[in-house]
Amino acid sequence: MRDAVICEPVRTPVGGFGGALRDVPAHELAATVIRGLLERTGLPPDAVDDVVLGHCYPTMDAPAIGRVAALDAGLPVSVNGVQLDRRCGSGLQAVLYAAMQVGAGAADVVLAGGAESMSNAPFYSTSMRWGVRGGPGVLLHDALARGRVTAGGINFPVPGGMLETAENLRREYAIPRAELDEYAVRSHQRAAAARDGG
């Protein structure tokens, strides 16, 4: 196995839900990061073998978001791209997948990370394709809310949704609230340091 080296982390600013970045789709955020990475490093676009992006709330505006973002960023059509969904762990899984590709010799340079815009998560219908007859009319599902409660499938429902998972685990394993608060503070400090270049 070859060694895989992670280098040149780049990210966009983080916006609030419905905030300043709400009109920027996830694939545009990802393409901006890819262009910035290429400019910062001087990496030739054709040196990239694959673009692996974790993404939990896809739309058909950017299917296989790694591929769409790569093309929109100016990488040649010969560069592969893929999308992964492991819910909250999607970006990390993309990095692990990229490291496995490099380690196994399947690729030399892989751009990997996550891309998300929850402000742009779609509302959708599963009843309109074949026409709607009688009854309540067209029901639209909120992809954000629906994905949080259906992530466990029919055999492992997630009561209250994925957002309550941390609270459920805290209760089940008797994790003291102070320990969670301390962890949250450390996480925010690390994130602030990364944003500030520290």
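Around CZ of R86, the count of heavy atoms belonging to other residues, nucleotides or ligands within 6.0 Å does not exceed 12. Environment of OH in Y97: sparse, with no more than 12 heavy atoms of neighbouring residues, nucleotides or ligands closer than 6.0 Å. The local environment of CE in M128 is sparse, with at most 12 non-hydrogen atoms from other residues, nucleotides or ligands closer than 6.0 Å. For R2, the CZ atom counts as densely surrounded, since its 6.0 Å shell holds more than 12 non-hydrogen atoms of other residues, nucleotides or ligands.
Separating the CZ atom in R67 from the CG atom in N80 is a distance of 7.0 Å, to the nearest 0.5 Å.
Checked by atom type and distance alone, the side chain of N120 pairs as donor or acceptor with a backbone atom of V24 at under 3.5 Å. Under a 3.5 Å cut-off, the side chain of E116 and the backbone N or O of C56 do form a donor-acceptor pair. No donor-acceptor pair under 3.5 Å is formed between the side chain of R22 and the backbone N or O of G15. In this structure, the side chain of Q101 does not engage the main chain of A106 through any donor-acceptor pair within 3.5 Å. Proximity of a side-chain donor or acceptor of H55 to a complementary backbone N or O of A115 within less than 3.5 Å is detected.
Taking hydrophobic clusters as Ile, Leu, Val, Met, Phe, Trp and Tyr residues chained together by side-chain heavy-atom distances below 4.5 Å, V51 shares a cluster with L43. Following chains of ILVMFWY side-chain contacts shorter than 4.5 Å, one cannot reach Y124 starting from V149, and the two form parts of different hydrophobic clusters. The same ILVMFWY cluster, assembled from side-chain heavy atoms under 4.5 Å apart, contains both I34 and V79. Connection of V48 to V10 is established within a shared hydrophobic cluster, with ILVMFWY side chains joined at heavy-atom distances below 4.5 Å, either directly or through further cluster members. Hydrophobic clustering, with ILVMFWY side chains joined whenever heavy atoms are under 4.5 angstrom apart, groups V102 together with V82.
Residues L75 and L38 are in side-chain contact: their nearest non-hydrogen atoms beyond the backbone lie under 4.5 Å apart.
Tested against L111, the residues L37, D49, D50 include a single side-chain contact (heavy atoms from CB on, under 4.5 Å) partner, L37.
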